[in-house]
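Side-chain atoms are counted along with the backbone in the values below, which use heavy atoms only and exclude waters and symmetry mates. All ligand and atom numbering here is 1-based and tracks the order in the structure. These numbers were taken from a predicted model, which means no experiment stands behind them.
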Amino acid sequence: MKYLYLLGYPLGHSISPAMQNAALRACGIRATRYLKAPTPPEKLQEMVKVLRGENCLGANVTVPHKQTILPQLDELSELAREIGAVNTILKQGGKLIGDNTDAYGFLQALRVRRINPAGARVSILGAGGAAAAAAYALAQADVGEIILLNRTLTRSIELADRLNQKFPQLALAINDWDALAQSQLIINATSVGMSPRVDESPAPKKFIFPKHAVVFDLVYNPPATKFLRDAKRDGARVIGGLEMLIYQGARAFELWTGARAPIRVMRNAATDALQEIQKPAASE
Ligand code: NAP
């Protein structure tokens, strides 16, 4: 038996195992399992040794290791290096290669809804790994302007500096909260609003979302976050994080197995698993 692992901590809420194992079964890859590997920070080094073992085919990496794992890997893809975060690890010739499929997943979630961000004014709330992946994807898709809005200013400045180096022509602003109301695309790439803190939103208090805007929350649990509920109330078009999760997972699956990802199977498994983890919260 070979294994793919999901490294993160805590991992109680993850629906990736259900989605990836359904994909493995659908592709007839019976001798491989995708397992949760809850890894507190002090156990990360030990877990990286497990990844180096022969029966490991690769891994996904999630909060809080997406950035801290970088120095423990042998190589990074160009994208992972530029984004500064790894969510997928590949094994090549015994080496651990860090990659990032979040940027692809993010853009694909827009594409399937026929939303083309080219030329748009985009506000991104957050400056962590997910925000960086979204910003790189948007910069590559010829977005008009990116406004980075983050609680910790130094982190927005650091991300803006990296974006500037790679995309010198890109129009960038930092912590210009007034620009939020004039944005065509508004993205929540913070963890605010995630279950169980479902009544929190990263938007400023009493903010009215522009009617013309597309509002995308990368959080997928709950599917309708307060951020999205408020945006919908104000007449904006809303997108939840599930579709991005599916496409980042599909890309990782293809990189690990070389098989074409069965998107419909993955979407059904992810949707069922998400409904399942909603149940206890709903009955409380
Ligand atoms: P991260 O690197 O830890 O970044 C977290 C971000 O959230 C930072 O910008 C942080 O701001 C901000 N934040 C946290 N608590 C906050 C609070 N109370 N008030 C304001 N800002 C706060 O995490 P990440 O990997 O970027 O992930 C961010 C979110 O995206 C998570 O919810 C994750 O589940 C989601 N995500 C979804 C997908 C998907 O496929 N749908 C993929 C990747 C990530 P500071 O810098 O000030 O700490």
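- An N or O contact shorter than 3.5 Å links Ala130 to ligand 1 by distance.
- Inside a 4.0 Å radius of atom 43 (C) of ligand 1 there is at least one protein heavy atom.
- Contact annotation: for Glu200 versus ligand 1, there are no heavy atoms closer than 4.0 Å.
- Cluster annotation: Trp177 is not connected to Leu153 through the hydrophobic network of ILVMFWY side chains, with a link wherever side-chain heavy atoms come within less than 4.5 Å.
- Listed for the Asn100 side chain is a donor-acceptor partner under 3.5 Å among the backbone atoms of Ala85.
- For Ala189, every heavy-atom contact with ligand 1 shorter than 4.0 Å involves the backbone, none the side chain.
- Checking only distances, Asn150 does come within under 3.5 Å of ligand 1, N or O to N or O.
- With a 4.0 Å cut-off on non-hydrogen atoms, Met244 touches ligand 1 through its backbone as well as its side chain.
- Residue-environment remark: CZ (Phe207) exceeds the threshold of 12 foreign heavy atoms within 6.0 Å.
- When only non-hydrogen protein atoms are considered, atom 18 (N) of ligand 1 lies nearest to Arg151 NH1, 3.4 Å.
- Taking every heavy atom of Lys66 and a limit of under 4.0 angstrom, the matching atoms of ligand 1 come to 25 (O), 43 (C), 44 (C).
- Taken together through direct or relayed side-chain contacts under 4.5 Å among Ile, Leu, Val, Met, Phe, Trp and Tyr, Phe106 and Met19 form parts of separate hydrophobic clusters.
- Looking at ligand 1, you'll find an N or O of Ala127 within less than 3.5 Å of one of its N or O atoms.
- Side-chain contact between Pro223 and Leu274: present, with at least one pair of heavy atoms (C-beta onward) separated by less than 4.5 Å.
- With hydrogens left out, the protein atom closest to atom 33 (C) of ligand 1 is Met194 SD, 4.7 Å, a heavy atom.
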- Task: Could you check Tyr5 against Thr39 for side chain to side chain contact (heavy atoms under 4.5 Å, CB included), going step by step and ending with a plain yes or no?
- Result: CA-CA 11 Å; Tyr5 294 101; Thr39 310; over 6 Å; no
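- Counting heavy atoms under 4.0 Å from ligand 1, residue Thr190 touches it through both backbone and side chain.
- The Val219 neighbourhood of ligand 1 comprises atoms 32 (O), with distances under 4.0 Å to a heavy atom of that residue.
- In this structure, the side chain of Tyr220 does not engage the main chain of Leu245 through any donor-acceptor pair within 3.5 Å.
- Of the polar atoms of Thr152, at least one N or O is found under 3.5 Å from an N or O of ligand 1, judged by distance alone.
- Checked against a 3.5 angstrom limit, the closest N/O atoms of Ala131 and ligand 1 fall outside it.
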- Task: Go through the steps to decide whether Phe253 and Leu4 satisfy the test side chain to side chain contact (heavy atoms under 4.5 Å, CB included), and finish with yes or no.
- Result: CA-CA 10 Å; Phe253 179 89; Leu4 292 159; 5.9 Å; no
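- Shown in contact with Gly128 at under 4.0 Å from a heavy atom are these atoms of ligand 1, numbered in order with element: 2 (O), 4 (O), 9 (O), 26 (O).
- For ligand 1, the polar-atom distance check against Arg155 finds a nitrogen or oxygen pair separated by under 3.5 Å.
- A donor-acceptor pair is defined here as one N or O able to donate and one able to accept, closer than 3.5 Å; such a pair exists between the side chain of Arg162 and the backbone of Ile83.
- Within the structure, the closest approach of Gly105 to ligand 1 does not fall below 4.0 Å when heavy atoms are considered.
- Close approach of ligand 1 to Gly126 is summarised as follows: ligand atoms under 4.0 Å from at least one heavy atom of the residue are 9 (O).
- When atom types are taken as modelled, the side chain of Asp142 and the backbone of Ala118 share no donor-acceptor pair closer than 3.5 angstrom.
- The backbone N or O of Gly8 lies less than 3.5 Å from no partner atom in the side chain of Lys36, so there is not a single donor-acceptor pair.
- Of the protein's heavy atoms, Val63 CG2, 4.1 Å lies nearest to atom 23 (O) of ligand 1.
- Residue contacts with ligand 1: Leu245 is placed with a nitrogen or oxygen under 3.5 Å of a nitrogen or oxygen of the ligand (distance criterion only).
- Of the candidates Thr101, Leu153, Val192, Thr62, it is Val192 that places a heavy atom closest to atom 16 (C) of ligand 1.
- Closest to atom 36 (N) of ligand 1 among all protein heavy atoms lies Leu218 O, 4.1 Å.
- For atom 3 (O) of ligand 1, no protein heavy-atom neighbour is found at a distance under 4.0 Å.
- Salt bridge annotation for Lys66-Asp102: present, with a cationic side-chain nitrogen under 4.0 angstrom from a carboxylate oxygen.
- Counting heavy atoms of neighbouring residues, nucleotides and ligands inside a 6.0 Å radius, atom CD of Glu200 exceeds 12 of them.
- A distance-only check finds no donor-acceptor pair linking the side chain of Arg121 to the backbone of Gly144 [under 3.5 Å].
- Every atom of ligand 1 with a heavy atom of Gly129 under 4.0 Å away is listed here by number and element: 2 (O), 26 (O).
- For atom 5 (C) of ligand 1, the closest non-hydrogen atom of the protein is Ser191 OG, 4.3 Å.
- Assignment of Pro202 to the shell around ligand 1 is not supported, since no heavy atom sits closer than 4.0 Å.
- At a 3.5 angstrom cut-off on N or O pairs, Gly241 counts as close to ligand 1.
- Ring pair Tyr104/Tyr247 is perpendicular by interplanar angle, where above 60° counts as perpendicular and below 30° as parallel.
- Listed for the Asp74 side chain is no donor-acceptor partner under 3.5 Å among the backbone atoms of Ile97.
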